[in-house]
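Input: a single structure, listed below in structure tokens.
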Amino acid sequence: MESQDNQETKVQRKYPHRIDDNVAIWTEFRELGDRYSCLSLGEGAPGGNPPDFLKDFMIKAIDEGYNQYQRIFGIPEFVNKIADVYGEKLKRQINPMTEIMVTAGANSALNSYIIGLINPREGEEVLVFEPCFPQYQDHIQMAEGVYKAVPLEWKENRWTFDPEVLRKSLNDKTKIFLLNNAHNPTGKLFNREDLQILTDILNEFPHVIVISDDVYEFLTFDDQQSSILFASIGNNFEKTVSIFSGGKLFQATGWKVGWSIAPNEILSKAAIIQCCTTYCINAPAQIAMSRSFDLIETMPYTEGRTFVQNMKKEFQDVRDFFISQFNSISQELPVVPLPSESGYFLMIDITNCKKIIPERYLKSHDFEELKEGQSAVSRNIVYMPDGSVPLDLAFCRWMAVEKGVIMMPASLFYHKESPIRDDKYVRIGICKGLDHSRKAFDRIKGKQKMD
Ligand code: PMP
Ligand code: GLN
């Protein structure tokens, strides 16, 4: 007679396959980082910490008793603060109780709105600019919507879109236009002219709801003002969800607190989803952020600069460091930096590196020299339409294995079946601090790994 254990192993379960394993984009490079002891310029996790006053307020909030469930859509103290701060930016009065929803980071806001707004399997489309933050694809797939993209292209020294291509991509089936300003991974800041073009086109399709992912809104470079919120233009507020991230603003990405602002008719659809997925959000963190809001923009924090001014300066310094350093070694490593205007990243064009990337990375996904008994890291098995391994993926694997530095291949920021996928750009994190970035660059320019 078979043992009970054996019988159990025979049970056949049918597991759902709700979304593709796009997590692989982060997993491969995390695993490569661990295996080859890399310095990371990959995932957008800042090298620095949140301000001390935020941490102190968090501890105080715990002592004050903010340890139990709270109002689902945000503690009144916090939503009142958000209404004040963003009322000014949006040039209107925001109702803190009906037009704001606090979320478990921007990511969960995106999920709740996209699932809450899409009628599954009815062919409702969500239009994005590609490349884009890869999680967008997952949220849309989970909502059983149809993902559709228009290209952002580097032309005449800036990332641009073709308004006609955008207009032609909108139709009766478009449910959501998902904008990300400032933009990950390109660092593009959609300026007033861009936003007016978008507004005019979208006004021709009044049924379309806009989700404006504004998580990098405050992080602009070269003395530019914070990004202009799409919802602040004309009557856009009526159809727009604006999404923000406390993780980004307070340099506390692990705290996972975000907030969204939208007319109640739209917000209430996402609220139903949030009620069942997360319910209420981290209570002491809400209190800490609420009490820190004014301080990060007004109180001198480092060398007379506020916390936000300082973050902008640090990221910009790292951006400029990489631009000058890559330019200085362009003979040996022929990459072209494409200056970002905002956010956590800088893109480089690696087209001319094809001739120096070792063959093993270009010709297949089996690029590792595995030791006895060692299995390969999780890999993104993706190909370009001509059957080749994406150039940027080969470049980043080469950098990880032989230089000990993690960067992100921008081709993975396109849908895997995207006809407009481009493989000539690599995304570099500028959020890790100057010391870390210098060490990483020493490795990049060295013949082999250092440290
Ligand atoms: N949107 C964009 C464009 C992002 O880059 C990220 C991640 N950094 C998020 C949303 C998610 O933000 P959060 O960590 O607050 O969930
Ligand atoms: N947003 C981060 C990035 O683009 C990653 C964190 C995440 O949400 N996956 O690097």
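Just so it is clear, the structure is predicted and the values come from calculations on it, not from any experiment. Counting convention: from 1, in listed order, for ligands and their atoms alike.
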Could you check ligand 2 for N or O atoms lying under 3.5 Å from protein N or O atoms and list the pairs with distances?
| residue | atom | partner | partner atom | Å |
| --- | --- | --- | --- | --- |
| ligand 2 | 4 (O) | Asn184 | ND2 | 3.0 |
| ligand 2 | 4 (O) | Arg427 | NH1 | 2.9 |
| ligand 2 | 8 (O) | Gln135 | NE2 | 3.4 |
| ligand 2 | 9 (N) | Gln135 | NE2 | 3.2 |
| ligand 2 | 10 (O) | Gly44 | N | 2.7 |
| ligand 2 | 10 (O) | Arg427 | NH2 | 2.7 |

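With a 4.0 Å heavy-atom cut-off, ligand 1 is reached by no atom of His183. With a 4.0 Å heavy-atom cut-off, ligand 1 is reached by no atom of Gln135. Residue Asn107 touches ligand 1 through backbone and side chain together, judged by heavy-atom distances below 4.0 Å.
Between Phe244 and Trp259, the ring planes are parallel. Angles under 30° get that label, and only those over 60° would be called perpendicular. Relative orientation of the Phe321 and Phe441 rings is perpendicular, given thresholds of 30° and 60° on the angle between their planes.
Taking a cut-off of under 4.0 Å to the non-hydrogen atoms of Asn180, the atoms of ligand 1 that pass are 3 (C). Close contacts of ligand 1 with Ser245, meaning ligand atoms under 4.0 Å from a residue heavy atom, involve 13 (P), 15 (O). The contact set between ligand 1 and Gly105, taken as ligand atoms under 4.0 Å from a residue heavy atom, comprises 15 (O), 16 (O).
Using a 4.0 Å cut-off between charged side-chain N and carboxylate O, Arg35 and Glu31 make no salt bridge. We find that Asp34 and Arg30 are not joined by a salt bridge, their nearest charged nitrogen and carboxylate oxygen being 4.0 Å or further apart. For Arg92 and Glu238, the salt-bridge test passes: some basic side-chain N is under 4.0 Å from an acidic carboxylate O. A salt bridge does not link Lys89 to Asp214: none of the charged side-chain nitrogens sits closer than 4.0 Å to a carboxylate oxygen.
Checked against side chain to side chain donor-acceptor pair (under 3.5 Å), Arg438 has no partners two or more places apart in sequence or in another chain.
When the heavy-atom distances from atom 5 (O) of ligand 1 to Tyr136, Tyr216, Phe133, Tyr344 are ranked, the shortest goes to Tyr216.
Listed by first and then second residue, the ring pair (Phe, Tyr, Trp, His ring centres under 6.0 Å) pairs that reach into residues 215-239 are Tyr216-Tyr344, sequence neighbours excluded. The ring pair (Phe, Tyr, Trp, His ring centres under 6.0 Å) pairs that include a residue from residues 42-62 are Phe53-Tyr301, where partners are two or more places apart or lie in different chains.
Considering backbone and side-chain N/O atoms, Gly247 never comes within less than 3.5 Å of an N/O atom of ligand 1. Between Asp213 and ligand 1, at least one pair of N/O atoms sits closer than 3.5 Å. Checked against a 3.5 angstrom limit, the closest N/O atoms of Lys256 and ligand 1 fall inside it.
Residues Tyr425 and Phe413 are not in side-chain contact: their nearest non-hydrogen atoms beyond the backbone lie 4.5 Å or more apart.
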